[in-house]
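Excluded from the calculations below are hydrogen atoms, water molecules and symmetry mates; all remaining heavy atoms, backbone and side chain alike, are included. Each chain gets a letter, A, B and so on, in the order its sequence line appears, and its residues count up from 1. Values in this document were obtained by computation on a predicted structure and should not be read as measured data.
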Number of protein chains: 2
Amino acid sequence: MTVMDMPQLDTTFSALSDGTRRAIVARLADGEAPLSELAEPFDMSLTAVSKHLRVLSDAGLVEIEKRGRTRHCRLRGAPIKEAVDWLSKYEGFWIDRFDALARHLAKEDKD
Amino acid sequence: MTVMDMPQLDTTFSALSDGTRRAIVARLADGEAPLSELAEPFDMSLTAVSKHLRVLSDAGLVEIEKRGRTRHCRLRGAPIKEAVDWLSKYEGFWIDRFDALARHLAKEDKD
DNA sequence: CCTTTACTCAACCTGATGGTTGACTATAAT
DNA sequence: ATTATAGTCAACCATCAGGTTGAGTAAAGG
């Protein structure tokens, strides 16, 4: 299973690469909210925020439930966990090239 | 400090939203490599891979060192760590709405 | 019933992304 | 000196992303 075969990560990282969407995620961590409330802090049209929510929803990061005339949104952790799992394999890297060599040799040792 | 004020996360997540670039990151975890070696597994021009490396470099995820006529690339963990730090705050979320309510009340309790 | 609220949808614009090719530069090898 | 290697650069193209506006729909409230 190569990295290329994880298209879910494409959409997750892509969704989180926008500050507006990260702000929405952060807001939803405090509890679910309807779209209009989520849109309120932002200096953009409701349509624009609705599009952002759509992106988050398509990525599986947010669940949107139709309730009367409002749409209530809440956070889903699963894709985020998947992203953390992938990232965690690489967060320990630092610049020193000799260290990189050491890691390389250590890995060959295990093979 | 709001989420919007972290433009580094924009470039980090954006850089990682492409499968080719994630594959490069994964490859570099095994040790540094020149561009031509990095490009070899991919069915695209060297120019295209060079552009991907440029994106990773601009995001601070990869360091490129000019050495003779080759460019040697190695991974940098710092931006990845920052991404993990941000994500970790949200990976625990699941779907149950009552749980979201509980978290919300717990947070109000602390305020 | 009529109006307001909370959206959605379609069309449009602009700029960024991901890829190509062809020409070029610089280092290394013969 | 010539050639091959490693990579950059500029131009181009198609598609996508983030925003807008204007019109339309569906539920709630007077």
Next on the checklist: Name the residue from A/Leu28, A/Leu16, A/Ile80 that meets the side-chain contact (heavy atoms from CB on, under 4.5 Å) definition with B/Tyr90.
Outcome noted: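 Of the listed residues A/Leu28, A/Leu16, A/Ile80, the side-chain contact (heavy atoms from CB on, under 4.5 Å) partner of B/Tyr90 is A/Ile80.
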Could you tell me whether the side chain of [Y] reaches within less than 4.5 Å of the side chain of [X], counting heavy atoms only?
| X | Y | result |
| --- | --- | --- |
| A/Arg71 | A/Leu53 | no |
| B/Val55 | B/Lys51 | no |
| A/Arg54 | A/Asp58 | yes |
| B/Arg22 | A/Trp86 | yes |
| A/Arg21 | A/Leu61 | no |

Checklist entry - With a non-hydrogen cut-off below 4.0 angstrom, is A/Leu35 in contact with a base, only sugar-phosphate, or nothing? => result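 The residue A/Leu35 makes sugar-phosphate contact but no base contact.
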Picking from [options], which would you name as closest to the side chain of [X]?
| X | options | result |
| --- | --- | --- |
| A/Ala48 | C/dT5, D/dG7, D/dT20 | D/dT20 |
| B/Ser36 | C/dC9, D/dA6, C/dT5 | D/dA6 |
| B/Ser45 | D/dT8, C/dT21, C/dT8 | C/dT21 |

Checklist entry - Hey, which of these two, B/Asp43 or A/Ile64, hits DNA chain C nearer its 5' end, going by closest nucleotide? => result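 The residue mapped nearer the 5' terminus is A/Ile64.
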May I have the distance from [X] (atom [atom1]) to [N] (atom [atom2]), rounded to whole angstrom?
| X | N | atom1 | atom2 | answer |
| --- | --- | --- | --- | --- |
| A/His72 | D/dA27 | NE2 | P | 14 Å |
| A/Leu53 | C/dA6 | CG | P | 15 Å |
| A/Glu37 | C/dC7 | CD | P | 10 Å |
| A/Asp58 | D/dA17 | CG | P | 10 Å |
| A/Arg67 | C/dT8 | CZ | P | 15 Å |

Checklist entry - Relative to the 5' end of DNA chain D, which residue comes earlier, A/Arg69 or B/Leu46, by the nucleotide with the nearest heavy atom? => result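 Of the two residues, B/Leu46 wins.
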Next on the checklist: Is there a side-chain contact between A/Ser50 and the phosphate of C/dT8, meaning an N or O under 4.0 Å from OP1 or OP2?
Outcome noted: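 Checking A/Ser50 against C/dT8: at least one side-chain N or O falls below 4.0 Å of OP1 or OP2.
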Item to check | Distance below 4.0 Å between A/Arg71 side-chain N/O and C/dT8 OP1 or OP2 | outcome: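 Yes, A/Arg71 has a side-chain N/O under 4.0 Å of OP1/OP2 on C/dT8.
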Item to check | side chain to side chain contact (heavy atoms under 4.5 Å, CB included) between A/Glu63 and A/Glu32, worked out | outcome: CA-CA 9 Å; A/Glu63 251 214 351; A/Glu32 67 172 50; over 6 Å; no
Next on the checklist: Using a distance-only criterion (donor-acceptor N/O pair, under 3.5 Å, no hydrogens), is the base of D/dC9 paired with the side chain of B/Thr47?
Outcome noted: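 When only heavy-atom distances are counted, B/Thr47 does reach the base of D/dC9 through a donor-acceptor pair under 3.5 Å.
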Might you list the N or O atoms of the protein lying below 3.5 Å from N or O atoms in nucleotides 12-18 of chain C, with each pair's distance?
| from | atom 1 | to | atom 2 | distance (Å) |
| --- | --- | --- | --- | --- |
| C/dG18 | OP1 | B/Arg21 | NH2 | 3.1 |
| C/dG18 | OP2 | B/Arg21 | NH1 | 2.9 |

